[in-house]
Visitor: 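Below is the structure I would like to discuss, written out as structure tokens.
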Amino acid sequence: MAGATLPDPACILSISALTRQVREVLEGRFPALWVGGEISNVSRATSGHLYLTLKDSSAVLSAVLYRGVGFRLRFEPKTGMQVIVRGRLSVYDQQGKYQFCIEEIHPKGIGALELALQQLREKLERKGYFDPRRKKRLPAYPRTIALVTSPSGAAVRDVLETLGRRWPVATVVVVPVRVQGDGAASEIATAIGVLNRLHAAGQLCMDAMIVGRGGGSLEDLWAFNEEPVADAIFASRIPVISAVGHETDVTISDLVADHRALTPSRAATDLTPERDVMLATLVDFNCRLREQVLRRLDQSRQRIIDIADRRVFRSPLDRVHDLERRLDELDERLGRAADAPLERARQRVVALAGRLESLSPLNVLTRGYSLTRTPDGHVVQDVATVRPGDLLHTRLARGEVVSRVEDVRPTQEMP
Amino acid sequence: MTDTPSFETALADIEKILRALEDGTTTLEEGLAQYERGVGLLKLCYAQLQDAEKRISVLAGLDGAGKPVLQPFDHAASDARSAEAPRRPNRPGTKDSSRLY
């Protein structure tokens, strides 16, 4: 044979030309469309592009999600996952293949947000972020409280109102951040980091911080489900209360935080004692302290009575004087206190001081007793402490006798 | 650390003093000294609780040296622009003085 009849060279297509035509047909015939299937293979290139193979029971489709498509991937696509993708077919010239260019990808059956939440939760759980053993104790009486939230939402108002009512003694620093939308998570995370840095540097010390916002949809609350916020809370040395207003869903920040409050105002309640309760506690302490000291004074009064009834003084007079002086001091100090319970107690102490005065050993001296001391002030109770020749000062009801010891004669102790 | 004990420490100390006094094991001298200390701590606690002037500020930013810049916080004034309002137009580059970043 002379050979097959070859077509006119003008009719022979180059590979590029054919491919271009295939591309035109494919891309023209299959513009934007939705496709559902299972991910059978997935890899993320260093370029940031995500390559997937989608399949069903009898066919496979190569797909790619280019970085910079503008779609925010909320979850991590994994092998075996059922997904729905939106995109268009395209031809990859160099490989002679067609592929599906993904513009959106959604998990099937479960919302992307729920899936992302589930995935992040599992990841952080493995990293020990939710471990109750690493949760910090909240301060019992916080003096300084930081509030990381929107400066204009209901949350900031609720927290400030609650703090003002319960615990107005705290200094509050509002750290304004956006609490929803792109960039909110990084603002919240940065704010937590800045607070910790200022705290560590001693420039703005905080006893605790409340991080949160009012209620909203899962989408609205999303910033509190993002990893940067979780990382910042986990790293915080300042105890963190997460307060994202919602009843049913738990956010990641709730799980990582040292304490979770259902609403911002509940966070304020959980964080602080009530000032009025604390004032009542102080009044109670005050009364108990006074009861104790009055009991003591009563006991000493009884001792003075006992001593006065005996032939020999057993207690040094200077102790009684000392007691009297201290009562005077207490009296004066209590006089300066304005509170009613303090005033009442002061009056009790004054009355007691009066009673003590009536029992003063000076009164006993008028009954003929005297008090003998050594020159250095020690009350002589036992002849063993003096020797012939020692100087003695004897206090009488009126005046003092200075004498020198001639002789000492021990007697038997009277029972 | 300052010389003034914190509210929490002061309360704990008062409780300790009360326990000691109520045990009745202290001498009169010690008891009186403890009492006086207790009264001093109580006054300190009272003073802290009485100091209830509202101090609310906003961390407006950091100065050149990285030190905090605090301004008085006025919630009513900031109500005008609601950061929590849905679909708030995104205005990159908009000057916002109360924003930290």
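Chain naming here is simple, since letters A, B, ... match the order of the sequence lines and numbering starts at 1 in each.
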Visitor: Counting C-beta onward and ignoring hydrogens, is there a side-chain heavy-atom pair between B:E36 and A:V293 closer than 4.5 Å?
Guide: no
Visitor: Using every non-hydrogen atom in the two residues, find where B:Q50 and A:L279 come nearest and quote the distance to one decimal.
Guide: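 Closest pair (atom of B:Q50, atom of A:L279, distance): NE2-CD2, 4.4 Å.
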Visitor: Select one option (side chain, backbone, both, neither) describing which atoms of B:A10 are under 4.5 Å from chain A's heavy atoms.
Guide: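 Neither; nothing under 4.5 Å.
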Visitor: So, using salt bridge (Lys or Arg N to Asp or Glu O under 4.0 Å) as the criterion, who are the partners of B:E15 when residues are at least two apart?
Guide: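 Scan of B:E15 (salt bridge (Lys or Arg N to Asp or Glu O under 4.0 Å), adjacent residues dropped) gives none.
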Visitor: Do A:R288 and B:L21 make a side-chain contact, defined as non-hydrogen atoms from C-beta onward lying under 4.5 Å apart?
Guide: no
Visitor: If only atom types and distance count, is the side chain of B:R55 paired as donor or acceptor with the main-chain N or O of A:V172 below 3.5 Å?
Guide: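 The answer is no, because no donor-acceptor pair under 3.5 Å joins these two groups.
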Visitor: Once ring-ring contact (aromatic ring centres under 6.0 Å, His included) is applied, do any residues pair with A:Y141, and if so which ones, sequence neighbours excluded?
Guide: B:F7
Visitor: Report yes if some heavy atom in the side chain of A:L289 is under 4.5 Å from a heavy atom in the side chain of B:L18; otherwise report no.
Guide: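 A side-chain contact exists here, since the closest heavy-atom pair is under 4.5 Å.
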Visitor: Can you confirm whether B:L62 sits close enough to A:R197 that some side-chain heavy atom of one is under 4.5 Å from a side-chain heavy atom of the other?
Guide: yes
Visitor: What do you reckon, is CZ of A:R295 surrounded by more than 12 foreign heavy atoms closer than 6.0 Å?
Guide: yes
Visitor: Heavy-atom distance under 4.5 Å to chain A: side chain of B:L70, backbone, both or neither?
Guide: side chain
Visitor: Evaluate side chain to side chain contact (heavy atoms under 4.5 Å, CB included) for B:Y46 paired with A:V283, printing each intermediate quantity in order.
Guide: CA-CA 9 Å; B:Y46 269 118; A:V283 169; 3.4 Å; yes
Visitor: Check B:P68 against A:L198 and note the closest heavy-atom contact, atom names and distance.
Guide: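 Minimum heavy-atom separation between B:P68 and A:L198: CD-CD2, 3.7 Å.
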Visitor: Would the number of heavy atoms belonging to other residues, nucleotides or ligands and lying under 6.0 Å from NZ of A:K136 be above 12?
Guide: yes
Visitor: State, with a plain yes or no, whether a side-chain heavy atom of B:I17 is found less than 4.5 Å away from one of A:F285.
Guide: no
Visitor: Using side-chain heavy atoms (C-beta onward) and a distance below 4.5 Å, is A:R143 in contact with B:Q48?
Guide: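 In short, these two side chains touch, coming nearer than 4.5 Å.
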Visitor: Taking the side chain as every heavy atom from C-beta outward, state whether A:T171 and B:I56 have any atom pair closer than 4.5 Å.
Guide: no
Visitor: Less than 4.5 Å apart, side chain to side chain, heavy atoms only: is that true for B:V58 and A:P176?
Guide: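 Yes, close enough: below the 4.5 Å cut-off.
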